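Just so we're clear, the structure is a prediction, and the values are computed from it rather than from any experiment.
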Amino acid sequence: MRNSGERPTGLAAVDFPRPQRGNASQHLLVTLLAEFWRKTDLWLPARVVVKLAEDVGLSRSAVTTALSRLAARGVLENDGGGRASRYRFTAAARDRLVVGHQQVTEFGDPRFGWDRHWTAIAFSVPETERDVREAFRARLKWLGFAPVYGALWFSPRDRVAQVAETAQGYGVEDFMAFRVEDTALEGRRPALAASEDLPARYAAFADRNEGRLKRLRQPDADHREAFRMRIEAMDEWRAFPWDDPGMPYELLPADWPLARARSTFVDVYRATAERAERYLHTVLAESAPDAVPGIKLPEGP
């Protein structure tokens with residue numbers, strides 16, 4: 001991809017906010033909208049987005065700013081202005097979100113075994129295209145790759161096709177992707193995780209989820225509260241793959257807390273499904289009745 005001043009297309013046209021580097025309001029807003037909006041091209045009035053975002057703790061001004069910045073990133077597109085303003089995901093963003101949601105919901109799932117093969121990618125991006133290189137690396141990280149050496153990255157999953165698509169999207173031509181058996185490797189292995197505080201973060205996340213589940217069992221827990229819990233839990237969960245390449249359980253320490261974190265996340269996700277959907281339909285019926293038939297929260301992982 002060359003910097004010609006023109007807006008990029010495809011994968012590179014969409015710059016999703018990252019949980020650590022990106023704006024927290026933008027990340028949370030993407031989580032909220034993607035829960036029920038990633039597979040549809042329906043326009044949603046800005047007033048509805050504001051209402052739902054306020055329900056998960058964002059201020060009106062934060063939502064307005066986040067919407068504008070997400071549109072500038074190529075994540076959202078806008079139709080109209082003022083009180084009639086409407087938003088939806090761009091087509092490229094929807095493509096990314098469908099794949100991304102699958103990766104997020106499968107992350108840490110012990111049912112997906114390891115075939116004892118690695119996907120390796122070696123690549124080179126000129127210093128003059130540093131922005132492209134950083135964006136490409138970020139995308140590899142999201143796909144579950146971890147660097148062994150500077151430009152040699154490994155993933156325990158079969159990602160060759162996704163690597164080729166990503167390289168094409170970012171205009172990276174100088175790369176090689178291949179599969180290799182684990183028994184064929186000698187010496188250094190990919191790192192378990194890029195963040196040393198991950199075990200503590202997983203444990204804290206599981207504790208919060210257990211608190212959410214306890215609250216959901218209370219008779220005064222309403223649908224709005226369930227909706228907020230669902231979005232918060234998903235927003236926190238989908239941040240983990242940025243820092244954890246998702247190593248097979250066979251390669252993880254026995255006390256690695258990912259399994260507990262995932263189990264509690266799945267419990268919250270399933271426990272909030274019915275009440276969250278009812279609340280969503282109530283809000284849409286009042287403010288955007290045309291959108292109700294096309295909106296449905298996804299089932300739990």
Residues in salt bridge (charged side-chain N to carboxylate O under 4.0 Å, His left out) with Asp109, at least two apart? Arg111, Arg262

Are Arg208 and Glu236 within salt-bridge range, i.e. N to O under 4.0 Å? yes

Side-chain donor-acceptor pair present, Arg238, Thr31, cut-off under 3.5 Å: yes

Could you give the distance from CZ (Arg224) to CG (Leu280), rounded to the nearest 0.5 Å? 13.5 Å

Evaluate side chain to side chain contact (heavy atoms under 4.5 Å, CB included) for Ile121 paired with Phe145, printing each intermediate quantity in order. CA-CA 9 Å; Ile121 175 173; Phe145 282 86; 3.8 Å; yes

Applying a strict under-4.5 Å side-chain criterion to I, L, V, M, F, W and Y, I'd like to know whether Leu33 and Val48 cluster together. yes

From CA spacing to verdict: ring-ring contact (aromatic ring centres under 6.0 Å, His included), Phe205, Phe240: CA-CA 10 Å; Phe205 176 67; Phe240 286 119; 5.4 Å; yes

Same apolar cluster: Leu29 and Met229, side chain cutoff 4.5 Å: no

Are any non-hydrogen side-chain atoms of Glu173 and Gln168 less than 4.5 angstrom apart? no

Any carboxylate oxygen within less than 4.0 angstrom of a Lys/Arg side-chain nitrogen, looking at Asp79 and Arg86? yes

If every non-hydrogen atom of Pro248 is compared with every non-hydrogen atom of Arg157, which pair is closest and at what distance? CA-NH2, 4.2 Å

A quick test of your reading: do over 12 heavy atoms of other residues, nucleotides or ligands sit less than 6.0 Å from CD of Glu106? yes

For Leu143 and Ser155, the nearest pair of non-hydrogen atoms, with its separation, is O-OG, 4.2 Å

List the steps, then state whether ring-ring contact (aromatic ring centres under 6.0 Å, His included) holds for Trp43 with Tyr87. CA-CA 5 Å; Trp43 292 100; Tyr87 288 87; 8.1 Å; no

Pair Trp142 and Phe16, ring centroids less than 6.0 Å apart: no

For the backbone of Arg159 and the side chain of Thr119, can you confirm whether one donor and one acceptor N or O come within less than 3.5 Å of each other? yes

One thing to verify: whether Asp220 and Arg215 come together as a salt bridge, which I'm taking to mean a side-chain N less than 4.0 angstrom from a carboxylate O. yes

His27 versus Asp235, side-chain donor and acceptor atoms under 3.5 Å: yes

All salt bridge (charged side-chain N to carboxylate O under 4.0 Å, His left out) counterparts of Asp207, not counting sequence neighbours: Arg260

Does the side chain of Val30 come within less than 4.5 Å of Pro17's, by heavy atoms? yes

Checking the side chain of Ser68 only, and the main-chain atoms of Thr65 only, is there a donor and an acceptor separated by less than 3.5 Å? no

From CG (Asp55) to CG (Leu32), nearest 0.5 Å: 8.5 Å

Answer yes when Asp95 and Lys39 have at least one side-chain N-carboxylate O distance shorter than 4.0 Å, and no when they do not. no

When rounded to the nearest 0.5 Å, the distance separating OG1 of Thr282 from NE2 of His223 is 8.0 Å

If you apply the rule side chain to side chain contact (heavy atoms under 4.5 Å, CB included), what do you find for Phe89 with Leu44, and how did you get there? CA-CA 10 Å; Phe89 285 117; Leu44 200 63; over 6 Å; no

Could Glu134 and Arg130 be called an ion pair, given the rule that one side-chain N must be under 4.0 Å from one carboxylate O? no

Kindly determine whether Thr90 and Val75 satisfy side chain to side chain contact (heavy atoms under 4.5 Å, CB included), including the steps that lead there. CA-CA 6 Å; Thr90 62; Val75 176; 5.8 Å; no

Taking the side chain as C-beta and beyond, is there a heavy-atom pair between Arg116 and Thr183 under 4.5 Å? no

Testing the 3.5 Å rule here: is there a donor-acceptor pair between the side chains of Tyr279 and Asp222? no

Going from CG on Asp182 to CH2 on Trp118, what distance comes out if it is rounded to the nearest 0.5 angstrom? 6.5 Å

In terms of relative ring orientation, are Trp153 and Phe123 parallel, tilted or perpendicular, with 30° and 60° separating the classes? tilted

Would you name the heavy atoms of Gly150 and Arg137 that are closest together and state the gap between them? O-NH2, 4.3 Å

Grab the two heavy atoms, one from Phe175 and one from Ala167, that are nearest each other, plus how far apart they are. CE2-CB, 3.5 Å

Any side-chain to backbone donor/acceptor pair from Thr264 onto Ala261? Under 3.5 Å, distance only. yes

Hey, are Asp243 and Arg201 close enough for a salt bridge, meaning a charged N less than 4.0 Å from a carboxylate O? yes

Tyr249 versus Trp256: any side-chain heavy-atom pair under 4.5 Å? no

Sidechain N-carboxylate O distance under 4.0 Å for Glu210, Lys214: no

Check for me, please, whether Leu67 and Ile231 land in the same ILVMFWY cluster - side-chain distances under 4.5 Å, paths through other members count. yes

Looking only at heavy atoms, the pair that brings Ala226 and Arg275 closest together is CB-CB, 3.7 Å

Between the side chains of Arg60 and Glu54, is the shortest nitrogen-to-carboxylate-oxygen separation below 4.0 Å, so that they form an ion pair? yes

Would you say that more than 12 heavy atoms from the other residues, nucleotides or ligands in this model lie under 6.0 Å from the CD of Glu127, or not? yes

Assign the ring pair Phe265 / Tyr269 to parallel, tilted or perpendicular, where the plane angle (0 to 90°) is split at 30° and 60°. tilted

Give a yes-or-no answer on whether the side chains of Tyr202 and Asp244 include a donor-acceptor pair shorter than 3.5 Å. yes

Answer with yes or no whether the side chains of Asn78 and Ser85 bring together a donor and an acceptor at under 3.5 Å. yes

Taking a hydrophobic cluster as the set of Ile, Leu, Val, Met, Phe, Trp and Tyr residues connected by side-chain heavy atoms closer than 4.5 Å, whether directly or through intermediates, do Phe154 and Leu251 fall within one such cluster? yes

Between Arg88 and Asp41 (side chain of the first, backbone of the second, donor and acceptor by atom type, cut-off under 3.5 Å), is there such a pair? yes

Say you draw a straight line from CZ of Arg217 to CZ of Arg212; how long is it, rounded to the nearest 0.5 Å? 14.0 Å

Evaluate Leu28 against Leu58 for side chain to side chain contact (heavy atoms under 4.5 Å, CB included), listing each step before the verdict. CA-CA 9 Å; Leu28 182 57; Leu58 295 181; 3.9 Å; yes

Between Met234 and Val104, what is the shortest heavy-atom contact and its length? SD-CG1, 3.9 Å

Should Leu52 and Leu97 be counted in the same cluster of Ile, Leu, Val, Met, Phe, Trp and Tyr side chains packed under 4.5 Å apart? yes

What is the distance from atom CD of Glu165 to atom OH of Tyr170, rounded to the nearest 0.5 Å? 10.5 Å

Looking only at side-chain N and O atoms, does Gln162 offer a donor or acceptor that is under 3.5 Å from a partner on Gln103? yes

